[in-house]
K.L.:
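Pasting a structure below so you can have a look.
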Amino acid sequence: QRAYIEFLQDYKTNVVEITSGGSTRKLDFAAMQQVTPLSGIRRNIRLKLHTPSLWSKPVHHLFDQCASWHMYVKDESAGIRDAVQRFMSHTAHEQSASHPSSECPIMRKVEIKSVWRVENVRLWQEYLHRIRRLQDTSKRALSPILPRMGSMLPDLESDLKILSGSDQNFGHVHEQWLFHGTSYGKADKIV
């Protein structure tokens, strides 16, 4: 995987030599084959990225994202759109005296027109690395988060499964889906 990323960043040659376990191999990325020089044996190169099950881009497109818009994929699934709609409307808090100027309650009435997913292998690998670090630092059993709210509500469990695909979230490190609504003006100031 690392050699393929280096190849994509430097197209001067299609062949890269690597040494692993005392053996030198040539990786021919134009043919997507590994060649062992001593024996002449050729094997197909298969990249295993362990990306989320809902991702739709082919592996070679995930590595070759030169422009930022290459990572966005419009999800055409009505099930995904409806699940996001329910998350947005069920997790937005109601108008309250303690937050009279909050614009969050508007999210209860919002209509989702489309959902765009980010499919960026570098961000995903960084995310997995951080999850592993959390797992290492939190070997002790964590107490459940109470009271259950937001994406933890029982009403949203089926929607969470739709949005997660066949992948599970990392509940053992207390990973949760959070949604927050704000105005364009405030979002623009943050960005």
Side-chain angles (χ1 to χ4, degrees), residues 1-30 32-34 43-75 77 80 83-84 87-88 91 115-146 148-153 156-157 159-182 187 190-191:
Q1 181 177 333
R2 188 175 296 135
Y4 189 64
I5 292 172
E6 289 173 13
F7 158 72
L8 290 173
Q9 293 171 347
D10 182 16
Y11 288 101
K12 292 178 186 168
T13 180
N14 292 333
V15 180
V16 176
E17 271 194 23
I18 62 166
T19 302
S20 175
S23 298
T24 300
R25 294 174 181 88
K26 291 184 179 182
L27 303 177
D28 183 344
F29 291 116
M32 287 304 281
Q33 290 191 332
Q34 168 188 299
R43 294 188 180 109
N44 289 333
I45 296 173
R46 292 171 293 182
L47 297 172
K48 295 181 182 178
L49 301 179
H50 307 290
T51 56
S53 60
L54 293 175
W55 284 21
S56 58
K57 283 188 177 272
V59 170
H60 62 279
H61 287 297
L62 292 172
F63 280 109
D64 197 14
Q65 295 177 331
C66 300
S68 61
W69 61 84
H70 291 157
M71 71 179 88
Y72 296 104
V73 176
K74 187 174 183 178
D75 195 310
S77 165
I80 295 283
V84 171
F87 259 89
M88 297 303 284
T91 60
V115 175
W116 290 79
R117 182 178 51 252
V118 174
E119 294 184 7
N120 182 300
V121 74
R122 289 178 183 95
L123 287 176
W124 180 250
Q125 296 298 328
E126 177 64 25
Y127 166 73
L128 292 177
H129 173 72
R130 290 182 186 270
I131 288 293
R132 283 187 213 105
R133 286 182 53 205
L134 279 172
Q135 289 170 331
D136 291 343
T137 59
S138 64
K139 296 224 186 238
R140 61 183 174 21
L142 297 172
S143 309
I145 300 172
L146 297 172
R148 289 179 61 160
M149 62 178 87
S151 66
M152 297 168 54
L153 292 171
L156 297 174
E157 284 179 13
D159 292 318
L160 185 58
K161 287 179 184 173
I162 291 169
L163 294 172
S164 299
S166 63
D167 307 302
Q168 61 179 2
N169 73 340
F170 298 97
H172 53 284
V173 293
H174 285 331
E175 177 190 54
Q176 299 298 326
W177 288 55
L178 302 174
F179 290 86
H180 181 73
T182 191
I190 293 169
V191 174

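Both backbone and side-chain heavy atoms feed into the values below; hydrogens, waters and symmetry mates do not.
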K.L.:
What are the two closest heavy atoms between Leu123 and Asn120, and how far apart are they?
P.N.:
N-OD1, 2.8 Å
K.L.:
Walk me through it: do Asn44 and Met32 pass the test side chain to side chain contact (heavy atoms under 4.5 Å, CB included)?
P.N.:
CA-CA 6 Å; Asn44 289 333; Met32 287 304 281; over 6 Å; no
K.L.:
Run the salt bridge (charged side-chain N to carboxylate O under 4.0 Å, His left out) test against Arg25 and tell me which residues pass, sequence neighbours left out.
P.N.:
none
K.L.:
Once side chain to side chain donor-acceptor pair (under 3.5 Å) is applied, do any residues pair with Ser20, and if so which ones, sequence neighbours excluded?
P.N.:
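In terms of side chain to side chain donor-acceptor pair (under 3.5 Å), with neighbours along the sequence ignored, Ser20 is linked to no residue.
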K.L.:
Taking salt bridge (charged side-chain N to carboxylate O under 4.0 Å, His left out) as the test, write out the residues that go with Asp28, two or more places apart.
P.N.:
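Checked Asp28 against salt bridge (charged side-chain N to carboxylate O under 4.0 Å, His left out); zero matches.
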K.L.:
Please test Leu54 against Leu163 for side chain to side chain contact (heavy atoms under 4.5 Å, CB included), starting from the C-alpha separation and ending with a verdict.
P.N.:
CA-CA 8 Å; Leu54 293 175; Leu163 294 172; 5.7 Å; no
K.L.:
Is it true that a side-chain atom of Ser77 and a backbone atom of Ile80 form a donor plus acceptor pair closer than 3.5 Å?
P.N.:
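It does hold such a pair.
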K.L.:
Could you tell me which non-hydrogen atom of Val118 sits nearest to which non-hydrogen atom of Tyr72, and how far apart they are?
P.N.:
CG2-CE2, 3.6 Å
K.L.:
Hey, is the main chain of Leu156 close enough, under 3.5 Å, to the side chain of Lys161 for a donor-acceptor pair?
P.N.:
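No, Lys161 side chain to Leu156 backbone: no donor-acceptor pair under 3.5 Å.
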K.L.:
Could I get the full list of salt bridge (charged side-chain N to carboxylate O under 4.0 Å, His left out) partners for Arg132, not counting sequence neighbours?
P.N.:
none
K.L.:
Taking C-beta and beyond as the side chain, do Leu160 and Phe87 meet within less than 4.5 Å on heavy atoms?
P.N.:
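Yes, at least one pair of side-chain atoms sits under 4.5 Å.
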K.L.:
Kindly indicate, with the supporting measurements, whether the criterion side chain to side chain contact (heavy atoms under 4.5 Å, CB included) is fulfilled by His129 and Gln125.
P.N.:
CA-CA 6 Å; His129 173 72; Gln125 296 298 328; over 6 Å; no
K.L.:
I'd like to know if the side chain of Glu119 reaches the main chain of Ser56, judged simply by a donor and an acceptor atom lying under 3.5 Å from each other, with no hydrogens or angles considered.
P.N.:
yes
K.L.:
Over all heavy atoms of both residues, which pair between Ser53 and Ser164 is shortest? Give the atoms and the distance, please.
P.N.:
OG-O, 4.1 Å
K.L.:
Where do Thr24 and Glu17 land on the side chain to side chain contact (heavy atoms under 4.5 Å, CB included) test, with the steps shown first?
P.N.:
CA-CA 7 Å; Thr24 300; Glu17 271 194 23; 3.6 Å; yes
K.L.:
Do Leu27 and Val15 come within less than 4.5 Å of each other through their side chains, counting heavy atoms only?
P.N.:
no
K.L.:
Which residues pass the side chain to side chain donor-acceptor pair (under 3.5 Å) test with Asp159, sequence neighbours left out?
P.N.:
Arg86
K.L.:
How would you list, by chain and number, every residue that makes a side chain to side chain donor-acceptor pair (under 3.5 Å) with Glu126, sequence neighbours excluded?
P.N.:
Arg130
